[in-house]
Undergrad: 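Have a look at the structure that comes next, please.
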Amino acid sequence: MPWPLIEHLLQSIDCRDRVGRRDHAMLHLMAHYGLRTGELTYLTIDSINWRARTLTVWQSKTRSTLVLPLHDTTLSILRNYLELARPQTDLRWLFLRGAAPLAQMTKYAASYVFRTRARRSGLPLAAYSAYSLRHAFAHRLFQRGVGMKAIGDLMGHRSLVSTSVYLRLQSELLREVALQVPSPTMGGVA
């Protein structure tokens with residue numbers, strides 16, 4: 001999913017109402033931090049460390065915890081959501097269902113948020129899913145020169161094979177960065 005489409009999608013969300021603020025915060029985290037829908041729905045209010053400016057993410061797929069640094073813009077979006085949009089409740093889940101009864105949002109509901117917002121945006125996003133935001137996150141980092149190991153660490157991958165699947169590395173791109181193979185005339189072993 002091209003990054004300009006993601007930017008337009010996020011800009012298309014009307015953040016004047018509670019659900020819009022929630023949906024914007026959710027999609028922002030998925031796009032800018034590569035969170036899976038399930039990871040997003042496991043976040044609690046306590047996942048945000050305001051002093052350290054970090055987000056602690058439980059990754060059920062790898063049964064591990066990932067601590068991500070938060071950008072000022074993200075902190076502002078989350079603060080806005082918590083102060084102006086999140087219902088007042090004792091529930092600790094960061095993102096709650098939009099309809100009564102209040103409860104933890106499911107990963108299916110998070111996927112539905114993406115589909116709904118994509119459709120409402122009028123953008124050509126029918127071929128994409130919420131998971132496309134995770135792929136776009138990885139591609140964006142790779143295009144900015146971030147190494148595969150660092151991308152894998154940010155995504156919580158245990159192997160570079162997992163990261164390369166997300167990047168769908170193309171042979172032509174790899175040829176451009178491959179080291180030259182010495183020929184027998186260049187001092188190589190015959």
Side-chain angles (χ1 to χ4, degrees), residues 1-45 47-48 50 55-61 66 68-89 91-144 151 154-156 165-168:
M1 180 173 190
W3 191 255
L5 276 179
I6 293 171
E7 290 177 318
H8 290 309
L9 171 64
L10 291 172
Q11 291 166 3
S12 75
I13 300 172
D14 184 354
C15 292
R16 291 178 290 183
D17 65 26
R18 287 177 178 241
V19 175
R21 286 180 197 268
R22 181 202 65 191
D23 293 357
H24 183 264
M26 290 172 57
L27 296 178
H28 174 87
L29 287 174
M30 292 170 70
H32 288 271
Y33 295 89
L35 299 186
R36 297 175 179 98
T37 54
E39 294 167 351
L40 187 75
T41 61
Y42 278 115
L43 294 175
T44 66
I45 292 173
S47 297
I48 305 167
W50 297 100
L55 182 70
T56 301
V57 179
W58 168 249
Q59 297 185 305
S60 60
K61 188 171 182 177
L66 183 64
L68 300 170
L70 293 175
H71 189 273
D72 289 340
T73 302
T74 304
L75 289 165
S76 177
I77 288 169
L78 291 171
R79 187 172 285 114
N80 239 349
Y81 162 67
L82 289 169
E83 292 175 0
L84 303 173
R86 188 178 181 279
Q88 296 298 314
T89 177
L91 295 173
R92 301 306 293 166
W93 303 111
L94 183 59
F95 297 110
L96 303 171
R97 293 173 17 148
L102 289 178
Q104 175 187 13
M105 180 173 278
T106 66
K107 66 181 182 178
Y108 306 106
S111 291
Y112 181 76
V113 165
F114 173 84
R115 286 193 310 274
T116 301
R117 292 300 176 175
R119 188 181 72 251
R120 287 183 188 171
S121 73
L123 297 166
L125 298 173
Y128 298 105
S129 68
Y131 222 69
S132 300
L133 298 175
R134 186 167 166 82
H135 284 272
F137 168 76
H139 273 282
R140 185 169 182 234
L141 290 177
F142 190 70
Q143 289 171 341
R144 289 180 166 196
I151 295 170
L154 287 171
M155 296 181 78
V165 169
Y166 274 86
L167 296 174
R168 294 185 185 134

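Note that the structure is a prediction, hence the values are computed from the model and not measured. Just so it is clear, the values below take in all heavy atoms, side chains as well, and ignore hydrogens, waters and symmetry mates.
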Undergrad: Kindly compute the distance separating CD1 (I45) from OG1 (T89), expressed to the nearest 0.5 Å.
TA: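 If I round to the nearest 0.5 Å, the distance is 8.5 Å.
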Undergrad: Applying side-chain contact (heavy atoms from CB on, under 4.5 Å) to I6 and F137, what does each step give before you reach the verdict?
TA: CA-CA 10 Å; I6 293 171; F137 168 76; over 6 Å; no
Undergrad: Looking at R21 and Y81, would you say the former's side chain and the latter's main chain have a donor-acceptor pair under 3.5 Å?
TA: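 Side chain of R21 to backbone of Y81: no pair is present.
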Undergrad: How close do L5 and P124 get, heavy atom to heavy atom, and via which atoms?
TA: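 Nearest pair, atom of L5 first, then P124: CD2-CD, 4.0 Å.
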Undergrad: Are the ring centres of W3 and H135 closer than 6.0 Å?
TA: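 So the answer is no for these two rings.
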Undergrad: Under the criterion side-chain contact (heavy atoms from CB on, under 4.5 Å), I'd like the reasoning laid out for M1 against H139: C-alpha separation, chi angles, the key distance, then a yes or no.
TA: CA-CA 9 Å; M1 180 173 190; H139 273 282; over 6 Å; no
Undergrad: For the side chain to side chain contact (heavy atoms under 4.5 Å, CB included) test, which of L94, L35, V113 pairs with L40?
TA: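 Result: among L94, L35, V113, L35 is the only option passing the side chain to side chain contact (heavy atoms under 4.5 Å, CB included) with L40.
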Undergrad: Minimum heavy-atom separation for L43 and L29, please, with both atom names.
TA: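 Looks like CD1-CD1, 4.0 Å.
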Undergrad: Going by distance alone, is a donor N or O of one side chain under 3.5 Å from an acceptor N or O of the other, for T37 and Y108?
TA: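 Side-chain D/A pair, T37 to Y108: absent.
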Undergrad: Rounded to the nearest 0.5 Å, what's the gap from OG on S121 to CD on Q11? Could you check?
TA: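 Those atoms lie 11.0 Å apart.
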Undergrad: Any side-chain heavy atom of L70 within less than 4.5 Å of one from L78?
TA: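 Answer yes - side chains close enough.
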Undergrad: Which distance, rounded to the nearest 0.5 Å, do you find between the OG of S111 and the CZ of R36?
TA: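 Interatomic distance, S111 OG to R36 CZ, rounded to 0.5 Å: 13.0 Å.
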Undergrad: One pair to check against side-chain contact (heavy atoms from CB on, under 4.5 Å): E39 and R134. What are the steps and the verdict?
TA: CA-CA 12 Å; E39 294 167 351; R134 186 167 166 82; 4.2 Å; yes
Undergrad: Is any side-chain heavy atom of R97 closer than 4.5 Å to a side-chain heavy atom of L102?
TA: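 No. Closest side-chain heavy atoms not under 4.5 Å.
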Undergrad: Are the side chain of R140 and the backbone N or O of Q143 linked by a donor-acceptor pair below 3.5 Å?
TA: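 No, the answer is negative, given that no donor and acceptor are paired below the 3.5 Å cut-off.
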Undergrad: Main chain of T41, side chain of Q104: is a donor-acceptor contact present, judged purely on distance under 3.5 Å?
TA: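 Yes; judged by distance alone, with no hydrogens or angles, the pair exists.
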Undergrad: Please lay out, stage by stage, how R119 and F114 fare under the test side-chain contact (heavy atoms from CB on, under 4.5 Å).
TA: CA-CA 8 Å; R119 188 181 72 251; F114 173 84; over 6 Å; no
Undergrad: For the residue pair H28 / T74, report whether a side-chain donor-acceptor contact shorter than 3.5 Å exists.
TA: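 There is such a pair (donor and acceptor under 3.5 Å, judged by atom type) between the side chains of T74 and H28.
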Undergrad: Is a side-chain N or O of S132 found less than 3.5 angstrom from the main chain of Y128, in a donor-acceptor match?
TA: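 Judged by distance alone, no pair lies under 3.5 Å.
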Undergrad: What pair of heavy atoms forms the shortest contact from L123 to L9, and how long is it?
TA: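 Closest approach of L123 to L9, heavy atoms only: CD1-N, 3.5 Å.
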Undergrad: Tell me the closest heavy-atom pair linking G20 and R117, and the distance in Å.
TA: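 Where G20 meets R117 most closely, the heavy atoms are CA-NH2, 3.4 Å.
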Undergrad: When rounded to the nearest 0.5 angstrom, what distance separates CG in L75 from CG in L55?
TA: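 One gets 9.5 Å once the value is rounded to the nearest 0.5 Å.
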Undergrad: When you look at CZ of F95, are more than 12 heavy atoms from neighbouring residues, nucleotides or ligands closer to it than 6.0 Å?
TA: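 Yes, the 6.0 Å shell around CZ holds more than 12 heavy atoms from other groups.
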Undergrad: Taking atom CZ of R18 and atom CG of L84, what is their separation to the nearest 0.5 Å?
TA: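 CG of L84 is found 9.0 Å from CZ of R18.
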Undergrad: What's the spacing between Y131 OH and K107 NZ if we round to 0.5 Å?
TA: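 Here the rounded value is 9.5 Å.
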